[in-house]
Protein chains: 2
Amino acid sequence: MDIKALRNETPGCKHVNHLNNAGAALMPQPVIDAVQNYFLEEANYGGYETAAKHEREVEQFYEASARLLGCKPTNIAFTTNATDSYDKALSALEFKEGDVVLLSKNDYPSNFISLLSIQKRIGIKLVEINNTDTGEIDLEDLEAKIKQYHPRLLSITHIPTSSGLVQPVNEIGNIVKNYDLLYLLDACQSIGQMEVDALSTQADFISGTFRKFLRGPRGSGILYASDKALTQGLSPLYLDMRGADWINEQHYKTRDDARRFELWEFSYANILGSKVAIEYALKLGMQNIWERNQHLTALLKTELAAAGMTLQDRGKVQSSIVTFTMPVKTTGEKVKKYLNDKGINVNFTSKSVAIIDFEEKGIDWAVRVSPHYYNTEEEIFSLVEALKEFI
Amino acid sequence: MDIKALRNETPGCKHVNHLNNAGAALMPQPVIDAVQNYFLEEANYGGYETAAKHEREVEQFYEASARLLGCKPTNIAFTTNATDSYDKALSALEFKEGDVVLLSKNDYPSNFISLLSIQKRIGIKLVEINNTDTGEIDLEDLEAKIKQYHPRLLSITHIPTSSGLVQPVNEIGNIVKNYDLLYLLDACQSIGQMEVDALSTQADFISGTFRKFLRGPRGSGILYASDKALTQGLSPLYLDMRGADWINEQHYKTRDDARRFELWEFSYANILGSKVAIEYALKLGMQNIWERNQHLTALLKTELAAAGMTLQDRGKVQSSIVTFTMPVKTTGEKVKKYLNDKGINVNFTSKSVAIIDFEEKGIDWAVRVSPHYYNTEEEIFSLVEALKEFI
């Protein structure tokens, strides 16, 4: 990877030391151009008229997404964000009172909230899978609970928002495939930093976003729906003229492919920016991105530990999300602001969005640093120096 | 109104004769700038960092929306589009089997499809209100059906996508307020071309979009939720960390205001563009916009009729959507393409999206022309000339 060239085509690298890629990454110039140029064309010629002209490029979004996830374009829907994708998948399940949903203790808080809302409305039951000593879900407990509860759904967050943990999603799929339940994988923090191969995960639905490690525009998400889910007729509860044809006052016909999960209207500038973001990542190669990120996070962790920080990440495999606590009494707001004022972008995680995980770890908050391949060793040193000064 | 000045700050006016404002209008320069500048700032400084810096401007979106609809900022949620708003409002109702939804025969097809999906899932019953001779819903029939069916919900599309009809939404509200049901108003085609005063409509929910007569960016919508709806605890079925705080593994707390209907992630460039679009419309004055549009559509209808077209719009009050059929045998695609090639943007409506209305009118399709205040008399003459040539 030619890091210098990659930084040259990332205008943000001139302005900030951006270590908040798990929040939203800096977009590369080709993505910026795709969004801006399309938007200006809309302004000059009209929204629908411009969309009609770029119909082929819009199709390429589905083709690029299919290459990214190792599936077919017909398995892909464009959404607004990962939660939107997750909720649309959830809405396809006709839950009955007493239905069980299995999930990990590290599932994303928003996913917990949507499931709790369904629990309140319909009376489903949420059952958490135990973790192993290294933090991943315990595969034996998963299988035991599948046998015990006969769940309708398994929900797994591939990489949590608040730690570097990576769940063994393919091994999970190997268990799930033997039973009659659906597998919903939230890949919001994983796509773009590591390979997510839909067929290897054996997931029925995968939700993802573009603004994070894929370096796409905000307000853009993706939903993968497996052939099994589509042929079973799983459809979102709320459809519109994109997802279905209106037949008459009593009937509509749902479309065959995953676009049944889309609504008619969305930002066409963003779908084209997302397409370019995928193509950009695929050109670099997901394995190259992963290796570069592993190199940067290893360096970051060594330097943080040497500077007296306590690393908080668990997992046999750890991602580009690095969390740690400080050796002095302070607040996340103060650390973030101190660094931001020096042009260093990081975030912090409060216990309120990592209740189970942080309870177990016995911490109230942690600093979250999330480098991506375009970051440099110098940027990491500079962060650690600033943290030392802060202390 | 200084039409020349308004056109000068609408770059699209240099390129096209845009009479497809019911599809998506041409954005004015201040809207374009708001979106583009914000997006570039995200690219230069990071998505979340830029959002934090512009927090106050984001709040102004809710304040501007409140001025537009005559309500409080706490009644407003930002969404992706009008259907998204409509579906989120629908999701707040805990329908039981046998519940009745009243709706007009001219409700938007996508709304029909979502309701039919709920019908399929839960077994609700859809009951249509009869029309008067002039095409609006019959207020006596509305009241009779409320008394007969005790509906949970009344769904009304203010202005249909396929005709100039304007429903008497305030008169409807005056009836509904005497009964125990919710009133969901789809104002997708009305906000931006006429005053929609939330309190006067007495609606519980109002859905709207920005790309049409408000001249905002695509992929942007609005949902109004009344104080009554909010205090009754009506919340969307799917919430995330925007709409609720996660308390623990079994509880969450829904936020008090209408932003409970939002998801955490959306396009911040678009919310700021939408804010500017509202401010732009309010500065011109909704009454001025309405009067100018009434002038243009009156001229358009006179010229169309004189050129041998058959006007298809009904209603005591008619909007900026003008539909007509041709005196020669042809197709909507052909007419649209012929005009598009001459730089004239119009659309056509097929019976498949106006099944009930076009069945009654005995037509299979109609040309749809939708001028907005920045259009000129010359542009209308030029359209009619082109239609004459086509014939």
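All chains are named by letter (A, B, ...) in the order of the sequence lines, taking the proteins before the strands, and each is independently numbered beginning at 1. Keep in mind that what you see is a predicted model, and the values were worked out from it rather than measured.
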Name the member of [options] that forms the most heavy-atom pairs with chain A at distances under 4.5 Å.
options: B:Leu115, B:Thr209, B:Thr80; value: B:Thr80
options: B:Gln36, B:Glu94, B:His15, B:Met27; value: B:Gln36
options: B:Thr254, B:Val16, B:Leu239; value: B:Leu239
options: B:Asn81, B:Asn21, B:Asn270; value: B:Asn81

Looking at [atom1] of [X] and [atom2] of [Y], how far apart are the two atoms once the value is rounded to the nearest 0.5 Å?
X: B:His18; Y: A:Asn44; atom1: NE2; atom2: CG; value: 12.0 Å
X: B:Tyr252; Y: A:Phe112; atom1: OH; atom2: CZ; value: 14.0 Å
X: B:Leu237; Y: A:Lys120; atom1: CG; atom2: NZ; value: 11.0 Å

Is there a side-chain contact between A:Glu49 and B:Asn20 in this structure, where contact means two heavy atoms from C-beta onward sitting under 4.5 Å apart?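 Side chain of A:Glu49 against side chain of B:Asn20, heavy atoms only: contact under 4.5 Å found.
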Counting C-beta onward and ignoring hydrogens, is there a side-chain heavy-atom pair between A:Leu263 and B:Asp87 closer than 4.5 Å?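 SC-SC contact between A:Leu263 and B:Asp87 confirmed.
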Interchain contact, [X] with chain B, by part (heavy-atom threshold 4.5 Å):
X: A:Ala354; answer: backbone
X: A:Leu90; answer: both
X: A:Pro236; answer: backbone
X: A:Lys14; answer: neither
X: A:Tyr108; answer: side chain

Under 3.5 Å, is there a donor-acceptor pair between the side chain of A:Asn345 and the main chain of B:Tyr45?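 Checking the backbone N and O of B:Tyr45 against the side chain of A:Asn345, a donor-acceptor pair under 3.5 Å is found.
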So which heavy atom on B:Pro109 is nearest to which on A:Met241, and how close?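 Residues B:Pro109 and A:Met241, closest heavy atoms: CB-SD, 3.6 Å.
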Below 4.5 Å from any heavy atom of chain A, which atoms of B:Glu359 appear? Answer side chain, backbone, both or neither.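 Interface part for B:Glu359: neither.
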Who wins among A:Asn340, A:Ile118, A:Val35 for the most heavy-atom pairs under 4.5 Å with chain B?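 Of A:Asn340, A:Ile118, A:Val35, A:Val35 has the most heavy-atom pairs under 4.5 Å with chain B.
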